[in-house]
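Quick notes on the structure that follows.
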Amino acid sequence: MDEEDVTVVANPLAQDCLTDLRSVETDDAAFRGRLNDLGRVCGVALADRLPAETVDVTTPLAETTGTRVRSEDVALVSVLRAATPFVAGLVESLPRARQGVLSASRDESRRLEDGSFPVEVEYVKLPDVDGDTVVVADPMLATGSTMVAALEAVDEAGDPDEVLALSAVSAPAGIERVREAFPEVEVATVAVDDRLDENGYIVPGLGDAGDRAFGTEGE
Ligand code: URA
């Protein structure tokens with residue numbers, strides 16, 4: 001994997017959130033909170049690249065002008081379920097963004113020859129994405145199977161201006177998989193970790209993001 005294959009969100013606050021997310025000391029409620037915080041910081045980083053316009057504004061004292069970031073041209077797609085707190089944070093920073101959801105679950109009982117898992121996309125509800133910046137958010141980019149399935153759904157939904165695959169933690173294999181399947185998609189992540197283990201979990205990673213966020217570890 002080359003460095004230019006991925007955009008790393010190097011913001012120190014993003015890295016600080018990630019440290020808490022990685023820690024086994026972080027309980028479910030704190031995990032959700034920090035995933036939300038991370039989404040907020042990623043939203044701020046994303047705003048740097050969005051078009052902005054000058055608008056008129058009336059203060060209690062005078063007429064003046066202000067800046068508006070065109071977050072209405074952003075479509076945020078949550079990959080259920082782990083992305084829910086992450087996208088809630090993104091929306092706090094980009095309040096006019098439109099949202100879509102899709103559910104994709106990987107069948108961890110069947111690993112394919114290329115190391116990935118079959119993924120079933122069960123539910124897709126996306127806004128009109130024509131001309132938008134679409135951000136497909138999934139905290140963990142592991143084998144890339146789920147992200148590729150999500151990007152296929154976005155591809156069928158319309159003609160966006162640009163598409164970002166945004167994760168908190170990614171594995172080199174997942175980045176490569178997405179780059180191969182969708183070379184035009186920008187892969188953005190807070191950290192690129194070392195590897196996948198034999199169960200397709202990212203190492204060092206942070207464990208199962210969905211289970212940690214929703215308190216279903218061991219169920
Ligand atoms: N999904 C997760 O939640 N964690 C991983 O490490 C890989 C996939």
Side-chain angles (χ1 to χ4, degrees), residues 1 5-6 8-9 14-15 17-39 42 77-90 101-123 135-153 164-182 185 187-219:
M1 195 197 76
D5 284 346
V6 62
V8 175
V9 183
Q15 299 300 327
C17 291
L18 183 56
T19 301
D20 284 335
L21 291 170
R22 288 191 190 281
S23 171
V24 289
E25 310 286 330
T26 304
D27 68 14
D28 310 339
F31 189 91
R32 272 195 302 279
R34 293 304 269 156
L35 198 47
N36 184 296
D37 292 344
L38 184 62
C42 289
V77 179
S78 303
V79 180
L80 299 175
R81 69 187 160 152
T84 307
F86 192 36
V87 170
L90 282 160
V101 291
L102 63 86
S103 75
S105 47
R106 61 180 200 172
D107 180 353
E108 292 180 4
S109 65
R110 292 194 297 133
R111 198 154 191 196
L112 304 176
E113 262 175 30
D114 64 0
S116 68
F117 297 94
V119 168
E120 200 179 340
V121 176
E122 287 124 357
Y123 179 78
V135 180
V136 181
D138 188 354
M140 308 305 281
L141 176 58
T143 65
S145 312
T146 302
M147 184 57 83
V148 166
L151 292 170
E152 281 165 358
L164 276 84
L166 176 66
S167 61
V169 184
S170 56
I175 295 171
E176 268 169 37
R177 180 101 192 276
V178 172
R179 300 286 298 137
E180 263 172 45
F182 288 95
V185 167
V187 180
T189 188
V190 180
V192 181
D193 276 10
D194 298 342
R195 62 185 174 85
L196 296 173
D197 73 6
E198 59 287 0
N199 299 313
Y201 278 81
I202 300 175
V203 180
L206 48 75
D208 189 305
D211 281 342
R212 293 196 64 193
F214 289 92
T216 50
E217 285 164 297
E219 282 178 19

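Every number for a ligand or one of its atoms is a count from 1 in the order of the listing.
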**Request:** Give the atoms of ligand 1, by number and element, whose distance to some non-hydrogen atom of A142 is under 4.0 Å.
**Result:** 7 (C), 8 (C)
**Message:** I'd like to know if R81 pairs up with D211 as an ion pair, taking the criterion as any Lys NZ or Arg NE/NH1/NH2 lying under 4.0 Å from an Asp or Glu carboxylate oxygen.
**Reply:** yes
**Message:** Among all protein heavy atoms in this structure, tell me which lies nearest to atom 5 (C) of ligand 1, with the distance rounded to 0.1 Å.
**Reply:** Y201 CD2, 3.4 Å
**Asked** At a 4.0 Å threshold, what atoms of ligand 1 neighbour a non-hydrogen atom of A209?
**Response** 2 (C), 3 (O)
**Message:** Nearest 0.5 Å, please: how far is OG1 in T146 from CE in M140?
**Reply:** 11.5 Å
**Donor + acceptor pair across side chains of S167, T189 (<3.5 Å)** = yes
**atom 8 (C) of ligand 1: the protein heavy-atom neighbour that sits closest, reported with distance to 0.1 Å** = R106 NH2, 3.6 Å
**Heteroatom distance test (I202, ligand 1): nitrogen or oxygen, under 3.5 angstrom** = yes
**Message:** Tell me the protein heavy atom at minimum distance from atom 2 (C) of ligand 1, and give that distance in Å.
**Reply:** M140 CG, 3.4 Å
**Request:** Compute the minimum heavy-atom distance from G207 to ligand 1 and say whether it is under 4.0 Å.
**Result:** yes
**Complete:** Numbered in order shown, the ligand 1 atoms found under 4.0 Å of a heavy atom of G200 are 7 (C)
**Asked** Is any side-chain heavy atom of D28 less than 4.5 Å from a side-chain heavy atom of E217?
**Response** yes
**Message:** Let me confirm one number: the CG-CG distance from L166 to L90, rounded to the nearest 0.5 Å.
**Reply:** 6.0 Å
**Complete:** To the nearest 0.5 Å, atom CZ of R34 lies from atom OG1 of T26 at 8.5 Å
